[in-house]
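Beneath this line is the structure, given in structure tokens, with notes to follow.
Letters A, B, ... mirror the listed sequences (proteins, then strands); counts begin at 1.
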Amino acid sequence: MTFMAKPKFHHPQLQKNALGYTRRDYEGPVSTLCAGCGHDSISAAIIRAVYELDLPPHRIAKLSGIGCSSKTPTYFLGASHGFNSVHGRMPSVLTGANLANKDLIYLGISGDGDSASIGLGQFAHSVRRGVNMVYIVANNGVYGLTKGQFSATSDKGAKSKRGALNKDEAIDLVGMALQLGATFVGRSFSGDKDQLVPLIKAALNHKGAAFIDCLSPCVAFNNHDGSTKSFDYIREHNEALNSLDFITGRQEITVEYKPGTVETVTQHDGSRLRLRKIADDYDVHDRIAALSYMQQRAAHGEIVTGLLYVDPEPQDLHAHLNTIEQPLNSLGTHALVPGQTALDKINAAFR
Amino acid sequence: MTFMAKPKFHHPQLQKNALGYTRRDYEGPVSTLCAGCGHDSISAAIIRAVYELDLPPHRIAKLSGIGCSSKTPTYFLGASHGFNSVHGRMPSVLTGANLANKDLIYLGISGDGDSASIGLGQFAHSVRRGVNMVYIVANNGVYGLTKGQFSATSDKGAKSKRGALNKDEAIDLVGMALQLGATFVGRSFSGDKDQLVPLIKAALNHKGAAFIDCLSPCVAFNNHDGSTKSFDYIREHNEALNSLDFITGRQEITVEYKPGTVETVTQHDGSRLRLRKIADDYDVHDRIAALSYMQQRAAHGEIVTGLLYVDPEPQDLHAHLNTIEQPLNSLGTHALVPGQTALDKINAAFR
Amino acid sequence: MLHKVNTQTKIQSINEFVIKFANVNGSGSASANALFAKTVLRMGVVATPRNIFPSNIQGLPTWYEVRVSEAGHLAARGDTCDLMVAMNPQTWEQDIRSIEPGGYLFYDNTRHVAADQFRNDITVIGVPLTQMSNDAYENPRQRQLFKNIIGLGALAALLGLDTKAIEDLFTEQFKGKEKLVAANVQALHMGFDWVKTHLDDPVHIKVKAANTVGDRIFVDGNTAASLGAVYGGATVCAWYPITPSSSLAEGFANYCAKLRVDKETDRNKFAIVQTEDELASIGMVIGAAWNGARAFTATSGPGISLMQEFIGLAYFAEIPAVIFDVQRAGPSTGMPTRTQQSDIMTCAYASHGDTKHVLLIPEDPYECFEFGALAFDLADRLQTPVFVMLDLEIGMNERLSKPFQWDDSRNLDRGKIMTEEDLEAGNKFGRYLDVDGDGIPFRTYPGTHPSKGAFFTRGTSKDSMARYSEEGKDYQENMERLLKKHDTARHLVPAAIEKRAEKPTRFGVIYYGSTSPAMDEACQLLAQSGIHVDLLRVRAFPFGDEVKAFIADHEKTFVLEQNREGQLRSLLINELEINPAILVKIVHFDGAPITVGFVTDVISHKISSLQGA
Amino acid sequence: MLHKVNTQTKIQSINEFVIKFANVNGSGSASANALFAKTVLRMGVVATPRNIFPSNIQGLPTWYEVRVSEAGHLAARGDTCDLMVAMNPQTWEQDIRSIEPGGYLFYDNTRHVAADQFRNDITVIGVPLTQMSNDAYENPRQRQLFKNIIGLGALAALLGLDTKAIEDLFTEQFKGKEKLVAANVQALHMGFDWVKTHLDDPVHIKVKAANTVGDRIFVDGNTAASLGAVYGGATVCAWYPITPSSSLAEGFANYCAKLRVDKETDRNKFAIVQTEDELASIGMVIGAAWNGARAFTATSGPGISLMQEFIGLAYFAEIPAVIFDVQRAGPSTGMPTRTQQSDIMTCAYASHGDTKHVLLIPEDPYECFEFGALAFDLADRLQTPVFVMLDLEIGMNERLSKPFQWDDSRNLDRGKIMTEEDLEAGNKFGRYLDVDGDGIPFRTYPGTHPSKGAFFTRGTSKDSMARYSEEGKDYQENMERLLKKHDTARHLVPAAIEKRAEKPTRFGVIYYGSTSPAMDEACQLLAQSGIHVDLLRVRAFPFGDEVKAFIADHEKTFVLEQNREGQLRSLLINELEINPAILVKIVHFDGAPITVGFVTDVISHKISSLQGA
Ligand SMILES: Cc1ncc(C[n+]2csc(CCOP(=O)(O)OP(=O)(O)O)c2C)c(N)n1
Ligand SMILES: Cc1ncc(C[n+]2csc(CCOP(=O)(O)OP(=O)(O)O)c2C)c(N)n1
Ligand code: SF4
Ligand code: SF4
Ligand SMILES: [Mg+2]
Ligand SMILES: [Mg+2]
């Protein structure tokens with residue numbers, strides 16, 4: 001059960017990537033989460049993904065809300081700037097940061113309470129604006145940090161640790177993201193690194209609103225019988241749609257697969273997503289079909305995971321706003337201040 | 001074009017309904033909205049629906065947020081208590097009111113800015129909790145009261161009066177409501193009383209979260225060419241799914257239809273919704289299919305209207321909370337205050 | 001037709017009067033009204049208009065009040081006018097009531113008005129505007145629009161306006177649409193000629209060309225502030241529509257489209273997002289500012305309330321954020337189209353916990369521009385939220401103002417930024433280290449350096465190296481440094497401006513923002529009646545030493561404000577440790593702009609009762 | 001084994017000492033710690049515990065400090081303890097440092113600790129807890145849990161605790177699970193016997209049975225407040241989890257489940273909704289209260305910030321709403337598990353525009369219950385939001401308190417409600433008419449009468465008949481009536497409580513809330529050293545006349561609070577028009593509860609410097 005272990009790597013820590021960084025350069029201070037918390041596995045997956053993509057850690061900005069999940073950015077990519085903002089509002093802070101400097105990679109980490117309860121509006125609006133980001137919800141169906149209340153992703157009928165039954169309809173963030181126009185939508189499980197790491201890599205290379213709902217059991221408050229977000233429950237109900245290889249523009253494809261079982265999606269930047277399909281008839285480019293497939297399977301109690309939808313030619317908010325190539329935060333007096341001559345004309349117009 | 005007219009009735013005002021009220025008893029002070037505003041037609045439809053259902057006006061509570069749409073409760077049902085709350089927060093105020101007294105009928109009026117922008121979270125959560133209410137969004141795709149900015153229901157590519165193009169994905173509140181578990185979902189058009197009035201009547205008799213997205217053109221700021229919420233555009237793209245007769249438990253069904261063309265849905269209270277189907281294969285009880293039908297048609301530029309989904313056996317929030325029959329606001333000292341004897345026991349437990 | 005209704009001595013005046021247009025909103029009267037004010041200005045006479053409008057789009061009463069004053073007074077004079085242009089039957093009675101004895105009523109007499117609907121002590125001028133317009137035009141929209149222009153022509157004849165100036169304005173307005181110019185000129189003369197033909201110069205109020213306007217510009221504060229934001233180097237604007245602030249953000253968009261589009265690529269050097277609500281607006285501003293862009297939002301009271309949590313974050317995490325608060329009458333939704341200065345306390349102490357914020361308080365469009373730009377320098381230097389406190393009165397009314405000025409040698413002051421070079425050079429970086437003793441630490445922008453200078457920003461407590469800490473000592477040191485920083489701010493914000501009375505006096509008056517023209521004029525009037533007061537116009541919080549000194553210098557200081565509680569007075573007492581007994585609260589808070597009449601009366605009363613005592 | 005490390009004169013004490021348990025959170029130590037405190041109480045000796053815990057779930061340091069005091073002192077004594085139970089290697093150094101000279105260190109010596117890790121001036125008692133537990137138990141969970149009980153047994157032997165009392169507590173705790181009782185008893189004696197066998201009574205601090213507890217109860221303030229809400233007739237609770245307030249809402253749910261389920265139908269006479277955020281919580285409270293139910297929410301600083309807009313609505317639309325604010329260290333997320341009194345200003349003046357709110361400030365669980373119930377009567381009578389200001393220190397720590405009391409003849413006071421009968425009888429109803437001259441109008445519940453009494457509630461301005469109005473006069477009258485209402489509140493809220501010094505004095509101290517035990521004890525200590533101060537404990541805002549009188553009675557009054565700004569002092573100055581010079585600010589704001597040591601020192605210093613001057 002590797003997913004239960006604290007993020008300890010079996011690989012030698014000091015092997016260097018193309019940039020000359022070791023994996024340690026992508027780590028952060030020791031986590032203060034509970035031993036076995038799913039969130040730590042997500043951190044580990046992020047570290048691996050960024051390391052393997054040869055991204056310089058300081059070119060990533062990590063942003064989060066409040067919650068155990070939102071604490072995790074402290075524990076990975078110690079050389080990146082991070083922002084632990086306020087509860088439910090990471091999306092707006094991330095959007096603003098992105099507006100200021102389009103050249104960094106924006107990684108937003110949130111929880112199910114943070115995104116589906118208090119933050120639902122900001123989640124929805126950041127997605128529909130097409131902010132270029134990777135938005136990961138570490139979804140445990142519970143409020144970890146405040147000690148075990150139901151969150152809005154708790155399934156109807158799920159039982160709390162104290163025995164209460166949830167009566168409200170669950171919010172399915174994947175369904176929402178699909179409806180709201182996210183251009184990359186995936187779901188995964190903190191316990192399944194093989195699926196999660198390439199998904200994060202693909203999302204990091206996606207130039208639009210990429211959303212990943214990552215089931216991430218809370219061992220302290222939501223890992224009991226009757227929970228639908230426990231390790232056991234997820235493993236039993238997980239239905240992987242596809243499995244993914246992420247291939248950067250530089251890499252060559254070596255292994256060959258039988259036709260039909262593999263689909264290659266080429267992204268704008270030349271990187272490729274190679275999908276080994278498990279559910280044959282699933283079309284990863286059909287948003288509407290994806291949504292109804294999700295819902296049908298959910299009605300049968302299945303948790304569909306994998307890459308659910310991708311638009312290889314997304315448009316992001318900067319494209320909508322037609323901003324210049326240069327990051328806005330790098331513009332100085334000369335570029336920004338029109339000066340007295342312009343002001344004279346303006347004054348004249350007011351006479 | 002009756003829908004352009006101010007709410008003036010051709011029927012004699014003074015005809016009495018079963019309760020002995022005339023239609024005038026359901027009216028309010030004169031509207032201060034723009035002449036021709038779609039919202040006034042919705043008010044008129046509400047007046048007619050409540051009158052025809054023989055509901056005593058004072059047993060209805062009208063609640064709203066802020067906006068032109070949210071002003072309308074002042075202009076209908078003058079004998080009802082009303083609450084014009086704050087922007088985007090009608091749903092929580094309504095939920096609280098409903099908790100206090102389950103015996104009134106709760107009519108929530110909102111706008112697209114009010115519900116899809118600032119109020120998206122409250123909209124979503126009130127729906128998923130199953131609050132027994134009729135939630136009507138007067139949807140004009142624009143901020144009327146603040147003079148014409150895009151709202152979150154403006155379609156991608158829609159043109160503002162000043163010529164700006166909307167770049168964000170539109171939020172489809174009907175799609176949201178379906179996903180979030182609303183037990184009654186309809187869409188209509190302020191210009192189509194024949195469709196709207198029975199829909200409101202059916203919603204008023206529905207004992208759960210009933211949502212109606214009512215397209216309601218803003219003649220001041222969003223009725224131009226290039227708008228997808230203008231009178232002309234809506235009329236041209238309107239695809240009615242079904243037409244509805246609402247029959248209370250008391251009434252007899254007289255007219256007979258050919259089998260197959262009509263479906264009768266009997267609600268919990270004995271009232272019946274008689275749907276004359278236009279789209280044959282549409283199943284009004286299949287939430288998932290409804291959602292994907294909506295989206296498919298929307299992708300083809302069609303605005304599907306009618307009763308989109310109904311659960312004839314809904315459960316509401318009070319059922320979830322297992323509250324007593326009596327309204328909570330009617331309980332007095334005796335019912336609520338346990339007294340010193342109970343306190344003695346409690347004190348003892350703390351020693 | 002002219003009703004001569006028992007006319008008393010008529011008001012006689014050249015270039016000193018108040019005219020008020022009573023209209024229905026959405027009826028197209030606004031542009032004719034604006035033409036009136038501009039014509040007077042073009043004639044070299046100061047004119048100050050005020051819109052009084054309802055919170056609705058169409059069909060309710062609105063007024064446009066213009067103070068014409070060769071002496072240069074910009075304030076609302078009082079509740080009355082000298083000439084009422086009564087075009088709205090809904091408000092007829094109150095409109096008639098508000099005319100000064102001896103004043104004038106101008107109305108459309110197409111519809112018959114019974115004699116008992118008038119007053120005996122005013123001169124009534126009826127002109128058949130609707131009839132003329134209906135006779136001349138077919139199209140209902142034209143009839144409506146030209147009726148207003150015919151009316152303007154009639155007024156021009158009555159008051160002696162320069163029709164040439166009006167015609168010039170048409171030409172400028174409809175540049176390239178010559179037909180429209182001609183049509184308007186025709187309508188104008190229709191009204192003008194009717195008066196000349198039918199009436200015998202009944203109005204003894206006149207506008208005469210003069211030379212009191214100078215190089216001043218005629219602009220509203222929101223537009224000025226938005227231009228300030230352009231000059232202040234703002235690149236990110238995140239806003240949510242709300243009266244009376246929307247035109248500030250919209251103004252920014254307009255200016256950016258003109259001044260900030262890269263010529264070569266046709267792409268934008270700015271990003272403006274209309275957000276889903278105010279929480280998102282301030283969140284984006286904070287995110288952008290954290291990431292090194294200058295960012296702002298514009299809002300009004302309800303937005304300020306919604307932003308509270310985020311404002312506390314910006315304070316504690318030390319993020320520059322500029323917030324324009326165009327104040328309106330509160331609490332709650334209050335009166336969205338009425339003016340007030342009632343967010344002072346809420347902004348100064350915004351958010352839970354111990355906080356204190358910087359406020360800039362402009363008096364007019366000129367300062368809206370100036371402070372609008374300055375706010376960004378201050379926010380960057382102080383790494384904290386800065387509020388620019390406008391109000392509806394300043395923000396949404398055009399008024400004369402000094403022309404905008406810019407020092408081309410001025411650079412954006414980005415404050416204490418540690419760059420890649422600094423880090424490379426081995427400069428010690430600790431995000432919350434008070435290296436200079438002014439409470440202001442250095443910051444780095446995200447992405448600066450591959451291995452140095454990264455830190456974690458949070459709303460929780462931390463040590464000086466930005467590490468999470470729940471240690472009481474770390475917390476307290478940090479909170480005390482923030483106080484020191486606030487004290488540093490005292491020396492950076494615009495100082496209060498003092499105007500000494502001609503004669504020595506025991507009495508001072510402190511005032512701010514849109515109260516300024518009423519106070520200035522009242523001060524003159526009071527001086528004329530022998531009452532002298534020294535004035536201090538506060539322009540920022542925290543208060544500089546000059547404010548404390550001014551109060552110490554006077555036996556009593558009146559604090560004049562447009563809110564119920566006397567909010568600035570509370571701030572003064574609380575922050576400067578002033579004995580409340582020497583600060584006399586004077587408040588005006590009914591949502592109308594404060595008038596000269598009010599200020600003069602209340603100060604003379606207070607002083608005479610103090611002197612009596 | 002006992003390390004005898006150059007022991008100085010050992011601290012000797014019976015029933016007066018501080019013991020501190022240093023643990024790792026999530027390690028199951030909490031229940032053994034609580035048993036310790038309860039045992040002392042069962043022995044009739046006052047014990048006051050405090051949890052110092054991190055904002056995390058597992059693995060970080062936590063402390064449990066217990067003040068044992070036969071004299072009855074409940075306050076935190078200071079930063080040191082007499083006996084440290086050091087079970088957390090992470091904090092070993094700071095834990096050792098915090099022991100008083102001559103004090104004691106109790107630790108688990110299973111793992112060897114080098115001699116230089118100790119101090120020379122303390123007595124060190126090592127007990128092989130882990131080893132004993134591992135020897136006795138197989139299961140890792142049992143090993144962990146019973147280690148704590150073995151430790152308790154060892155302490156019992158060292159301090160002379162009554163093992164019978166502990167055994168009774170086991171029996172009560174595990175009622176019906178006799179096996180567990182036996183197992184715990186066994187573990188207890190394992191520790192007890194080890195000490196008796198291996199050590200020769202090294203600890204000279206003892207607990208001896210006494211009779212100082214009386215009929216007092218041991219309970220935390222959040223639980224007490226939640227019970228107050230039950231007795232106050234609250235039926236609707238809408239809340240969003242946030243430390244340190246969650247246990248208040250959860251307590252309400254527990255009591256409702258016990259006391260408010262209809263016997264016959266098994267259905268609930270209450271509705272509790274865990275909302276999606278604080279905006280929804282307060283929105284639901286307002287909706288429910290508008291509709292005639294008693295409703296409340298519980299939150300902390302960040303929630304208060306988010307509720308600002310809605311609070312303004314409730315103020316202006318005059319809707320009763322009860323808000324429990326369990327304060328924590330701000331600003332922003334601050335220190336969520338540390339205590340402070342720093343939301344006083346934010347709550348008193350919550351929301352934009354001119355507002356003023358009612359605050360109740362309990363000192364202990366007894367008043368949490370009392371004010372918790374009273375808040376609902378006051379909110380209904382005043383038709384306005386009422387805040388109950390707890391803090392983490394009161395809310396989340398159990399402490400001794402008078403037993404709860406209820407007058408069974410008391411009825412819920414629903415305030416001025418016009419009923420169907422009243423309307424039928426033709427009583428004139430105008431929602432905002434000040435019929436009684438106290439500023440409080442009548443209201444009707446929705447659905448009251450078929451044709452009378454309906455009105456429209458809004459956050460915009462209105463006339464006294466609740467009709468929308470943008471008239472300055474209507475607005476101003478309404479705002480002035482709200483001020484009158486606030487003045488009426490002065491007479492309804494709990495009065496401040498004065499304690500005169502034994503000797504006449506020029507000095508007063510004003511304090512409130514959780515500062516109370518530290519102040520009380522410090523007052524005794526000061527008196528012993530000849531320093532006399534009169535005390536006034538403020539229990540509510542607006543302030544009654546007694547507060548003004550108290551200040552007037554003293555040359556200087558110290559205002560003692562747990563925030564940086566001296567927020568209550570600001571309120572006093574501002575609302576009572578007090579000269580700041582006579583109110584001396586004393587603040588303690590590092591997030592730890594204020595201590596007797598701090599209060600004694602600071603007051604004696606201030607007074608001696610004042611007397612020197
Ligand atoms: C405005 C506000 N309200 C409430 C809280 C308290 N709070 C902290 S974390 C949290 C829930 C976190 O849940 P989730 O996002 O699911 O994260 P998890 O801990 O489960 O990973 C809450 C309610 C807060 N910090 N701020
Ligand atoms: C907190 C807050 N922000 C902004 C506003 C300003 N405002 C009033 S109505 C409105 C938009 C209304 O749009 P919509 O709900 O679509 O109603 P419509 O006028 O189009 O019917 C806005 C932004 C406000 N009243 N409160
Ligand atoms: S409480 Fe749950 S979510 Fe939080 S750290 Fe522990 S296991 Fe993870
Ligand atoms: S502005 Fe638009 S929405 Fe508002 S009243 Fe006029 S037409 Fe209706
Ligand atoms: Mg969670
Ligand atoms: Mg709208």
Under 4.5 Å from any heavy atom of chain C, what part of A:Pro56 do you find: side chain, backbone, both or neither? neither

Tell me, side chain or backbone of A:Gln326 under 4.5 Å from chain C's heavy atoms, or both, or neither? neither

Counting only heavy atoms closer than 4.5 Å, note whether A:Lys345 contacts chain C via side chain, backbone, both or neither. neither

Contact origin within C:Ala271 toward chain A - heavy atom pairs under 4.5 Å: both

Less than 4.5 Å to any heavy atom of chain A: does that hold for the side chain of C:Ala238, its backbone, both, or neither? neither

Kindly indicate whether the side chain of C:His449, heavy atoms from C-beta on, has any atom under 4.5 Å from the side chain of A:His58. no

Under 4.5 Å to a heavy atom of chain A? For C:Val261 that would be neither

Where on C:Ile282 is there a heavy atom nearer than 4.5 Å to chain A: the side chain, the backbone, both, or neither? neither

Point-to-point distance, once rounded to the nearest 0.5 Å, from CZ of C:Arg267 to CG of A:Leu321: 11.0 Å

Applying a strict 4.5 Å limit to non-hydrogen atoms, the region of C:Asp266 in contact with chain A is backbone

Test your reading of the model: is there a side-chain donor-acceptor pair from C:Tyr231 to the backbone of A:Leu343, 3.5 Å cut-off? yes

When only pairs under 4.5 Å are counted, which of A:Gln340, A:His320, A:Arg59 shares the most heavy-atom pairs with chain C? A:Gln340

Let me know if C:Thr223 has heavy atoms under 4.5 Å from chain A in its side chain, its backbone, both or neither. side chain

Is the side chain of C:Arg260 donor-acceptor paired with the backbone N or O of A:Ala335 at a distance under 3.5 Å, no angle test? no

At what distance, to the nearest 0.5 angstrom, does CG of C:Asp277 lie from NE2 of A:His125? 7.5 Å

With distance as the sole test, does C:Lys269 use its side chain to make a donor-acceptor pair with the main-chain N or O of A:Leu331 at under 3.5 Å? no

For A:Ser85, is it the side chain, the backbone, both or neither that has a heavy atom under 4.5 Å from a heavy atom of chain C? both

When heavy-atom pairs shorter than 4.5 Å are enumerated against chain C, which of A:Leu104, A:Asp25, A:Ile60 gives the highest number? A:Leu104

Comparing A:Lys62, A:His318, A:His87, A:Glu325 against chain C, the one with the most heavy-atom pairs below 4.5 Å turns out to be A:Glu325

Is the closest side-chain heavy-atom distance between A:Leu336 and C:Arg294 below 4.5 Å? no

How long is the gap from OG1 on C:Thr460 to CD1 on A:Ile66, to the nearest 0.5 Å? 6.5 Å

Against chain A, label C:Phe270 side chain, backbone, both or neither, depending on which of its atoms sit under 4.5 Å from a heavy atom there. backbone

Would you check if the side chain of C:Asn291 reaches a backbone N or O of A:Ala97 as a donor-acceptor pair within less than 3.5 Å? yes

Counting only heavy atoms closer than 4.5 Å, note whether A:Ile346 contacts chain C via side chain, backbone, both or neither. side chain

Top residue by heavy-atom pair count (under 4.5 Å) with chain C, among A:Ser80, A:Pro91, A:Ala342, A:Ser92? A:Ser92

Do the rings of C:Trp290 and A:Phe83 sit parallel, tilted or perpendicular, given the 30° and 60° boundaries? tilted

For C:Leu169, which atoms come within 4.5 Å of any heavy atom of chain A: side chain, backbone, both, or neither? neither

Residue C:Arg216 versus chain A: region with a heavy atom under 4.5 Å: backbone

With heavy-atom distances below 4.5 Å as the criterion, would you say the side chains of A:His81 and C:Tyr445 are in contact? no

Look at C:Thr444, C:Thr265, C:Asp262, C:Thr448 and state which one has the largest set of heavy-atom pairs under 4.5 Å with chain A. C:Thr444

Is it the backbone or the side chain of C:Val285 that comes under 4.5 Å from a heavy atom of chain A, or both, or neither? neither

Going from OG1 on A:Thr333 to CG on C:Asn411, what distance comes out if it is rounded to the nearest 0.5 angstrom? 4.0 Å

Select, from A:Ala79, A:Pro73, A:Ala61, the one with the greatest count of heavy-atom pairs under 4.5 Å involving chain C. A:Pro73

So, the part of C:Leu279 with a heavy atom under 4.5 Å from chain A: the answer is both

Heavy-atom proximity to chain A below 4.5 Å, by part of C:Arg467: neither

